[in-house]
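Okay, so here's the structure we're looking at.
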Protein chains: 2
Amino acid sequence: MTSRHTFSDRHRRTRSDHAQETAADYVEAIDDIQAAEGRCRVIDLARRFDVSHVTVTKAIARLKREGLVTSEPYRPLELTEAGRQLAAKARRTHTIVYEFLRAIGVSEQVAAIDTEGIEHHVSRQTLDCFLELTQRLRGDQSA
Amino acid sequence: MTSRHTFSDRHRRTRSDHAQETAADYVEAIDDIQAAEGRCRVIDLARRFDVSHVTVTKAIARLKREGLVTSEPYRPLELTEAGRQLAAKARRTHTIVYEFLRAIGVSEQVAAIDTEGIEHHVSRQTLDCFLELTQRLRGDQSA
DNA sequence: GAAAAATTGTAGCCCCTGCTACAATTCGCC
DNA sequence: GGCGAATTGTAGCAGGGGCTACAATTTTTC
Ligand SMILES: [Mn+2]
Ligand SMILES: [Mn+2]
Ligand SMILES: [Mn+2]
Ligand SMILES: [Mn+2]
């Protein structure tokens with residue numbers, strides 16, 4: 001199948017997707033929580049992801065290294081401009097995937113769960129197809 | 001959104017999906033390679049996934065612990081019955097996702113890549129929706 | 001304003017997945 | 001039969017992501 005690509009391309013890409021997954025989910029969550037509560041603390045993320053605050057602290061250390069987050073000791077987290085941009089992009093993707101799953105008949109609960117994983121593995125092209133089909137199915141609704 | 005579930009449910013599920021991801025991809029690959037070459041060696045998997053043979057050896061050690069694979073030192077890999085069943089299930093899911101992406105207009109190359117990640121995050125319900133829509137779109141082809 | 005509670009940080013542990021370097025074994029070929 | 005190549009195994013390293021236990025700091029409460 002598909003003669004001019006290797007299996008390794010596919011798996012390399014999946015591994016690379018996973019490496020960026022935490023970053024995307026974290027900055028999106030930080031942005032969310034800031035919007036809802038005015039600020040985002042480590043404990044807020046720990047509760048959202050159901051992990052210990054230590055796990056969050058270590059993840060945040062990495063996001064700082066990558067220039068997505070800033071913070072001073074014992075203070076709430078802030079997003080850098082790059083962090084805000086990634087959050088916006090992550091949210092757009094998340095919404096498109098979720099709305100698509102809903103449009104093709106997946107329940108709210110299941111769509112929410114599946115979206116959280118799928119969103120990190122959809123290329124631009126696939127996302128466009130999702131968007132287009134969501135529109136089409138909505139127009140079709142009456143049928 | 002979706003009032004009676006927590007964010008943590010979604011992320012817990014995604015983490016659990018990832019834990020099973022390696023197992024599914026490996027047994028599927030072993031089954032593939034056995035079918036094509038008569039046997040599957042460590043080096044075959046290393047080439048397919050584009051990782052070192054050491055990485056494969058360690059992953060295989062885990063699959064042995066989990067009862068999916070057996071092998072003797074310096075000998076080719078064998079699947080247990082459980083391994084074969086998981087491989088079959090993984091292949092079914094893989095095919096459904098791939099055919100679905102193709103049906104909604106994604107190119108062969110991109111569909112092959114995206115499928116490799118998405119397949120691990122589609123619940124049964126979503127898979128059913130994929131299948132149904134694939135059928136519908138194929139009938140619709142003329143439109 | 002001090003004690004208690006909540007939050008954050010740090011030390012140290014685990015497993016998974018990646019690697020290089022090197023040793024052991026098997027395979028292929030003369 | 002043996003030698004070189006291919007394959008597999010092992011030692012030791014790194015980073016990501018999970019944890020508990022405990023210390024430090026901030027926030028809340030009285
Ligand atoms: Mn996610
Ligand atoms: Mn994934
Ligand atoms: Mn896969
Ligand atoms: Mn697959």
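Just so you know, these numbers use all the heavy atoms, side chains as well, and skip hydrogens, waters and symmetry mates. To find a chain, count down the sequence lines: A is the first, B the second, and so on, and within it residues start at 1.
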> Could you state the CZ-P distance from Phe49(B) to dC16(C), rounded to the nearest angstrom?
Replying inline: 17 Å
> Quick one: Leu45(A) CG to dA6(C) P, roughly how many Å, whole number?
Replying inline: 19 Å
> What distance do Thr22(B) atom OG1 and Lys58(B) atom NZ have between them, rounded to the nearest 0.5 Å?
Replying inline: 13.0 Å
>> Is a donor from one side chain sitting under 3.5 angstrom from an acceptor on the other, for Glu78(A) and Ser71(A)?
In response: no
> From Arg75(A) CZ over to Arg41(A) CZ, what is the distance, rounded to the nearest 0.5 angstrom?
Replying inline: 12.0 Å
>> Need one value for Arg47(B): base, sugar-phosphate or nothing, where a base atom within 4.0 Å counts as base even if backbone is also close, heavy atoms only.
In response: sugar-phosphate
> Centres of the His121(A) and His120(B) rings: under 6.0 Å?
Replying inline: no
>> Could you work out how much the helix from dG1(C)-dC30(D) to dC30(C)-dG1(D) bends, comparing the axis of its first five pairs with that of its last five, to 10°?
In response: 10°
> Atom CD1 of Ile43(A) and atom C1' of dT8(C): how far apart are they, to the nearest Å?
Replying inline: 9 Å
>> Under 4.0 Å between a side-chain nitrogen and a carboxylate oxygen: does that hold for Arg124(A) and Asp128(A)?
In response: yes
>> So if I take every side-chain heavy atom of Arg65(A) and compare against dT7(C), dG17(D), dG16(D), which nucleotide ends up nearest?
In response: dG16(D)
> Arg39(A) CZ to dT27(D) C1': how many Å, rounded?
Replying inline: 9 Å
> With side chains defined as the heavy atoms from C-beta onward, is the minimum distance between Ser8(A) and Arg47(B) less than 4.5 Å?
Replying inline: no
> How does protein reach along nucleotides 19-26 of chain D, written 5' to 3' as B (base within reach of a heavy atom under 4.0 Å), S (only sugar-phosphate), or - (no contact)?
Replying inline: BBB--BSS
>> Could you tell me how far apart Asp44(B) (CG) and dT8(D) (C1') are, to the nearest whole angstrom?
In response: 12 Å
>> What is the separation between atom CD on Glu37(A) and atom C1' on dT7(C), rounded to the nearest whole Å?
In response: 15 Å
>> What is the separation between atom CG on Leu63(B) and atom P on dC16(C), rounded to the nearest whole Å?
In response: 10 Å
> For the pair made of CG in Asp25(A) and C1' in dG17(D), what is the distance, rounded to whole Å?
Replying inline: 13 Å
> Hey, what else clusters with Leu63(B) if you join Ile, Leu, Val, Met, Phe, Trp, Tyr whenever side-chain heavy atoms sit under 4.5 Å?
Replying inline: Tyr26(B), Val27(B), Ile30(B), Ile33(B), Val42(B), Leu45(B), Phe49(B), Val51(B), Val56(B), Ile60(B), Leu68(B), Val69(B), Leu77(B), Leu79(B), Leu86(B)
> Below 4.0 angstrom from OP1 or OP2 of dT10(D), is there any side-chain N or O of Thr57(B)?
Replying inline: no
>> Tell me whether the count of non-hydrogen atoms from other residues, nucleotides or ligands lying under 6.0 Å of CD in Glu72(B) goes above 12.
In response: no
>> Counting only side-chain nitrogens and oxygens, does Thr22(A) get under 4.0 Å of the OP1 or OP2 atom of dG16(D)?
In response: no
> Would you say the side chain of Thr70(B) lies within less than 4.5 Å of the side chain of Lys64(B), judging by non-hydrogen atoms?
Replying inline: no
